[in-house]
Amino acid sequence: MFPPRRLTMENYSQGITIANGSRSCVLILHGYSDTPYEFKHVAEAIASIGVDVMVPVLPHHCVSSDELEKVNRAEMWAWLKSEVAKLKQRYAKIILVGHSLGAGAAILAATGGEPIDGLVVSAVNGVPSTKVRFLMRWARAFHVHSFYARYVLLRRIRFDPAYIEWKLARFPRISLHVFSEAIDEIPEYIKDTNRIRVPIMVIHGASDFATKVQRTSDLYFNTVGSTKKVSVIVEDTGHAVFFSPHFDALIKIVKEFIQDVLDRGNEGEVARRFRIGKEISEV
């Protein structure tokens, strides 16, 4: 087992690379309006099993609110396809870890037959919550295109104060267009999930405001074509599942899944469902 790697970030807008000299790579895809820095702890934890880990800056991120408005889902899918192709020239195995928007990109890579060996996706949507559907209808009716970002969660968990100030200065508003597009595209997006054949882990926070958690978890678990599939619901957290108070228990399961994919690939039939709270229970 490799010791934990600790990174010193020179600035908050850069990508993260942890090189262990491995022939396997884990590519972490952050969510919309997030940055690699918010997944630094995830990258360090996964790197401890000896794989190379990369957290790139997604297209149009880490610049400004105006630049974020240029985010286009189709462009991001094309960008990820190109990134996977480049990584395949260097690595024997590639595992994608995607959160929210990054999860959507990772799943489309799998349904599109990209040469990846496994998926870990968190906060992916399938059955949007009533609250989100109402808010999107309201925003369209009243021509609301963005909202003020206050970063309440980052403040509550006492995340790096300098980073919060950096983010407030550069991203005071967040556009709604990506959320709106995502809601519209879900039916088309979901119908292809049965094409997923690689090992997959799907993670949700029990209080995720964006989705009907249990129904979405069930949907992916029951429709993906993978013979090796794991679903996880984490209590006491919402959309930002990797900031859960149960992070240690969650990342342990994630690392075990990744290690199994690296060691055994698609070998063996696995269908497991976990719920993480004060204890880990298999359901």
Side-chain angles (χ1 to χ4, degrees), residues 1-9 12 15-16 18 20 26-55 95-103 106 118-125 151-164 167 199-211 213-214 216-217 220 230-262 272-283:
M1 189 67 67
F2 282 60
R5 298 291 298 271
R6 290 292 178 261
L7 301 175
T8 299
M9 303 289 287
Y12 299 126
I16 294 171
I18 305 178
N20 282 315
V26 174
L27 186 68
I28 300 177
L29 307 169
H30 61 75
Y32 178 60
S33 82
D34 296 336
T35 71
Y37 187 68
E38 292 176 41
F39 288 81
K40 174 173 169 284
H41 63 306
V42 180
E44 291 173 336
I46 292 174
S48 71
I49 66 175
V51 294
D52 287 5
V53 180
M54 299 179 188
V55 194
I95 295 175
L96 301 183
V97 176
H99 177 74
S100 195
L101 177 67
L119 289 174
V120 177
V121 291
S122 61
V124 64
N125 213 330
Y151 305 111
V152 175
L153 173 64
L154 294 178
R155 294 176 183 276
R156 187 168 69 242
I157 65 173
R158 298 182 180 181
F159 200 71
D160 182 346
Y163 173 76
I164 297 172
K167 205 167 184 186
I200 182 171
M201 171 179 281
V202 182
I203 305 166
H204 285 97
S207 303
D208 192 337
F209 71 94
T211 190
V213 171
Q214 190 63 61
T216 295
S217 180
Y220 281 95
V230 178
S231 73
V232 182
I233 294 178
V234 186
E235 297 176 359
D236 307 311
T237 196
H239 197 74
V241 67
F242 284 112
F243 286 135
S244 161
H246 307 299
F247 174 78
D248 289 345
L250 171 60
I251 203 65
K252 180 176 183 291
I253 289 178
V254 169
K255 290 196 296 182
E256 288 173 351
F257 176 80
I258 291 173
Q259 190 66 66
D260 180 69
V261 173
L262 295 177
R272 305 182 72 184
R273 310 190 74 167
F274 295 96
R275 195 167 188 101
I276 299 176
K278 292 181 180 179
E279 298 180 350
I280 300 175
S281 59
E282 189 165 355
V283 295

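On a predicted model such as this, the values are computed, not experimentally measured, just so you know. In this chain, residues are counted from 1 in sequence order.
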State, with a plain yes or no, whether a side-chain heavy atom of [X] is found less than 4.5 Å away from one of [Y].
X: L29; Y: L27; result: yes
X: H99; Y: H239; result: yes
X: H246; Y: T237; result: no
X: V42; Y: F247; result: yes
X: K40; Y: V55; result: no
X: Y37; Y: D160; result: yes
X: I46; Y: I28; result: yes
X: F242; Y: E38; result: no

Work out which heavy atom in [X] is nearest to a heavy atom in [Y]; give both atom names and the distance.
X: I16; Y: A43; answer: CG2-CB, 4.5 Å
X: S217; Y: R273; answer: OG-NH2, 3.4 Å
X: S244; Y: V234; answer: OG-CG1, 3.4 Å
X: I251; Y: A45; answer: CG1-CB, 3.6 Å
X: A162; Y: Y12; answer: CB-OH, 3.4 Å
X: L250; Y: I276; answer: CA-CD1, 3.7 Å

Next item on the list: Report the relative orientation of the aromatic rings in H41 and F243; use parallel for angles under 30°, tilted for 30 to 60°, perpendicular for over 60°.
Entry: parallel
Would you confirm whether [X], through its side chain, and [Y], through its main-chain N or O, come within 3.5 Å as a donor-acceptor pair?
X: N20; Y: D52; value: no
X: H30; Y: G102; value: no
X: N125; Y: A210; value: yes

Going from [atom1] on [X] to [atom2] on [Y], what distance comes out if it is rounded to the nearest 0.5 angstrom?
X: D208; Y: S122; atom1: CG; atom2: OG; result: 9.5 Å
X: Y163; Y: T35; atom1: OH; atom2: OG1; result: 3.0 Å
X: I233; Y: Q214; atom1: CD1; atom2: CD; result: 4.0 Å
X: K255; Y: I49; atom1: NZ; atom2: CD1; result: 7.5 Å

Notebook entry, point to check: Near E279 CD, under 6.0 Å, is it more than 12 heavy atoms from other residues, nucleotides or ligands?
Noted result: no
Check: side-chain contact (heavy atoms from CB on, under 4.5 Å) between D34 and K167: does it pass, once the steps are laid out?
Finding: CA-CA 9 Å; D34 296 336; K167 205 167 184 186; 4.2 Å; yes
Notebook entry, point to check: I258 and side chain to side chain contact (heavy atoms under 4.5 Å, CB included): which partner among D260, V261, V254?
Noted result: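 When side chain to side chain contact (heavy atoms under 4.5 Å, CB included) is applied between I258 and each of D260, V261, V254, only V254 qualifies.
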Margin query: Between F159 and Y151, is the ring centroid distance below 6.0 Å?
Written below: no
Next item on the list: Answer yes if the side chains of S281 and R275 hold a donor-acceptor pair under 3.5 Å, and no otherwise.
Entry: no
